[in-house]
Undergrad: 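Attaching a single structure in structure tokens format; questions to follow.
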Amino acid sequence: MAEGELKYFIFLGCAIPYRVSAYEISTRKVMEKLGVKLEEMPEFNCCGLPMDPVSHEMMLLLAARNLCIAEEKNMSIMALCPGCAGTLNKVNTMLKNDKKLREEINEYLKVDGLEFKGIIEVKHLIQVLNDDVGLEKITAAVKKSLKGLKVAEHNGCHVLRPKEYMGFDDPEDPKVLKALIEATGAECLDYMDEAQCCGAPTAGINDKIPLQLSREKLTHIRDVGAQALITICPFCHMMFETNQMRIERMLNEKFGIPTLHYPQLLGLALGLSPEELALDELRVKPTEQLKQIGI
Amino acid sequence: MLQVEKGGAKETEQRAVLKITDMDPKFKYEISKIPGGEKIMLCFQCGTCTSDCPVARFSGAYRPRQIIRMTQLGLKKRVLESESLWLCASCFTCTDRCPQDVKVADIIRVLKNLAVKEGYVPPVFKVLASSILDTGYAYRIPEMRIKKREELGLPSLPKGNPQSLAKLTERIGFKKLLEAKSE
């Protein structure tokens, strides 16, 4: 790797290729603009998180296998989904620090010729943007300031919690995504219960609680006058965007809050077109917001 | 047993006089030996977990503090059979805010894993697991989606390696776990 060159395996996870391609499209476009190289990860599998409630061991094995694949090329992982980033990062740390657990897992991995060595890192997209690319470089790359646009952010639990493993931001008062949003010129508003869960993980078990949780967050976001919501998680995005009209119908509300993946917002500021950033995939159209910023 | 119907999944609440014979005094030790369950005895029932739990706000039955207390008391059957156990969103707010560092969400995961061993696997997890074992991905991504990537200018989606996964998971008996009777 040339000095100063940023290069990662992009970890797509399952939800993004399944139904949130706009997040992937806009991420690739933005990273290309910022000079970050992304390589496809061969034969990766589910990060492991969905299996943790069924079998902790299964989760560890799924995550460890992904880590081994990245280690073979000695390349760190950048995940787009906070669930994947959180899980892979947690297992990476656990296996690096706990010799007994590492030996146990390596014993299993051996049957497929794999071994965990502990030589790479796992980061979420916003960590790469904040820590490796840096706010300075991002600000310098802005071609079209989004000044005047007022938005709110929603991080998604697993980039923040448990703090013991993620730890790069304060889960009680997260600042990294806000700073990244403000680098585009847009204003990022504070609102009540900012770091609260969107409810998505319970969607397979209960059909009402997740919608009630998302409704509550959308209400708080509407109350402070945000013109758009910015997310960095495919599941949160499905709750706030894909399901927004369903929430409106079911719970008799009116929101009309366009919800963008952060790289879509950043992309607009970097001079990319709405088409390039797959903004047409949004159900709640940001027509007025785009007009306001002159796009 | 009082069943509260809320939005599809049943939330089960049990209110009954506790019988000493229903309690398994060894249960808490069993839990404390499983990774993640080590700190079960440290809980002093302050209720921070429940009051900060986003799910508890809208659920009539899910109360993490109760789950921890029932576990301490050794009400094994009641805890493991409880459907509300599965309502935890694993947002880790309870874990991060617990003044006793109990790692509540990890304990709930330990309890879910035990419930699975006892034969209770909510259907959604069987669907996710079979997809992972067959394709590597938690969802069965339709052919159409995979083809559309080309149109969208995206690189082709890496294929999973089910043979590798089968080899890795055979020794932990993962498939057997799922064959257990559901509900």
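The figures here come from the full heavy-atom set of this structure, side chains too, leaving out hydrogens, waters and symmetry mates.
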Undergrad: Between the side chain of B:N113 and the main-chain N/O of A:P53, is any donor-acceptor distance below 3.5 Å?
TA: yes
Undergrad: With chain A, which of B:D96, B:I34, B:V124 has the greatest number of heavy-atom pairs at distances under 4.5 Å?
TA: B:D96
Undergrad: Rounded to the nearest 0.5 Å, what separation is found between the NZ atom of B:K112 and the OG atom of A:S55?
TA: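 That separation rounds to 13.5 Å.
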Undergrad: Chain A heavy atoms under 4.5 Å from B:R140: which part of the residue, side chain, backbone, both or neither?
TA: backbone
Undergrad: Which residues, numbered in order, of residues 169-176 of chain A come under 4.5 angstrom of chain B by heavy-atom distance?
TA: A:P171, A:E172
Undergrad: Counting only heavy atoms closer than 4.5 Å, note whether B:I132 contacts chain A via side chain, backbone, both or neither.
TA: side chain
Undergrad: Which bit of A:E276 is near chain B, if near means a heavy-atom gap under 4.5 Å: side chain, backbone, both or neither?
TA: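 Neither part, no heavy atoms under 4.5 Å.
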Undergrad: So which part of A:L211 gets closer than 4.5 Å to some heavy atom of chain B, the side chain, the backbone, both or neither?
TA: neither
Undergrad: By the definition side-chain contact (heavy atoms from CB on, under 4.5 Å), identify the one residue from A:E216, A:Q212, A:Q196, A:K217 that meets it with B:P54.
TA: A:Q196
Undergrad: Under 4.5 Å from any heavy atom of chain B, what part of A:E43 do you find: side chain, backbone, both or neither?
TA: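 Backbone plus side chain of A:E43, per the 4.5 Å heavy-atom cut-off to chain B.
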Undergrad: Got a second to check how far B:L154's CG is from A:I25's CD1, nearest 0.5 Å?
TA: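 Taking CG in B:L154 and CD1 in A:I25, the distance rounds to 5.0 Å.
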Undergrad: Any donor-acceptor pair under 3.5 Å linking the side chain of A:D112 with the backbone of B:L168?
TA: no
Undergrad: Starting at CZ of A:R65, measure out to CG of B:L165 and round the result to the nearest 0.5 Å.
TA: 5.0 Å
Undergrad: What part of A:L49 is in contact with chain B, defined as an atom under 4.5 angstrom from a non-hydrogen atom: side chain, backbone, both or neither?
TA: neither
Undergrad: Where on B:D106 is there a heavy atom nearer than 4.5 Å to chain A: the side chain, the backbone, both, or neither?
TA: side chain
Undergrad: Looking at B:K103, B:R171, B:K159, which has the largest count of heavy-atom pairs under 4.5 Å with chain A?
TA: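 Sorted descending by pairs with chain A, the first entry is B:R171.
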Undergrad: Checking heavy atoms, do the side chain of A:H56, its backbone, both or neither come under 4.5 Å from chain B?
TA: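 Backbone plus side chain of A:H56, per the 4.5 Å heavy-atom cut-off to chain B.
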Undergrad: Quick one: CG on B:L128 to SG on A:C14, what's the gap to the nearest 0.5 Å?
TA: 9.0 Å
Undergrad: Counting only non-hydrogen atoms closer than 4.5 Å, does A:M58 touch chain B with its backbone (N, CA, C, O), its side chain (CB onward), both, or neither?
TA: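 Both backbone and side chain.
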Undergrad: Chain B heavy atoms under 4.5 Å from A:E57: which part of the residue, side chain, backbone, both or neither?
TA: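 For A:E57, the contact with chain B is made by backbone and side chain together.
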Undergrad: In Å, rounded to the nearest 0.5 Å, how long is the span from OH of B:Y62 to CD1 of A:I205?
TA: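 One gets 12.0 Å once the value is rounded to the nearest 0.5 Å.
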Undergrad: Check each atom of B:F125 against the heavy atoms of chain A and say whether the ones under 4.5 Å are side chain, backbone, both or neither.
TA: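 For B:F125, heavy atoms of backbone and side chain both lie under 4.5 Å from chain A.
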Undergrad: Do you know which of B:Q163, B:E170, B:R149 has the most heavy-atom pairs under 4.5 Å to chain A?
TA: B:R149
Undergrad: Show your working on side chain to side chain contact (heavy atoms under 4.5 Å, CB included) between A:R19 and B:Y139 and close with a plain yes or no.
TA: CA-CA 10 Å; A:R19 55 187 295 195; B:Y139 309 108; over 6 Å; no
Undergrad: Passes side chain to side chain contact (heavy atoms under 4.5 Å, CB included), B:S90 versus A:D52? Steps please.
TA: CA-CA 10 Å; B:S90 61; A:D52 202 27; over 6 Å; no
Undergrad: Is A:F235 in contact with chain B via its backbone, its side chain, both, or neither, using a 4.5 Å heavy-atom distance?
TA: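 The side chain, not the backbone.
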Undergrad: For the side chain of A:H158 and the backbone of B:F92, is there at least one donor-acceptor N/O pair under 3.5 Å apart?
TA: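 Answer holds: no.
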Undergrad: Checking heavy atoms, do the side chain of A:A15, its backbone, both or neither come under 4.5 Å from chain B?
TA: both
Undergrad: Does B:R145 form a side chain to side chain contact (heavy atoms under 4.5 Å, CB included) with A:S21? I'd like the steps, not just the answer.
TA: CA-CA 9 Å; B:R145 275 265 169 193; A:S21 51; 3.6 Å; yes
Undergrad: If we define contacts as heavy-atom pairs under 4.5 Å, which of B:T93, B:V55, B:T169 has the most with chain A?
TA: B:T93
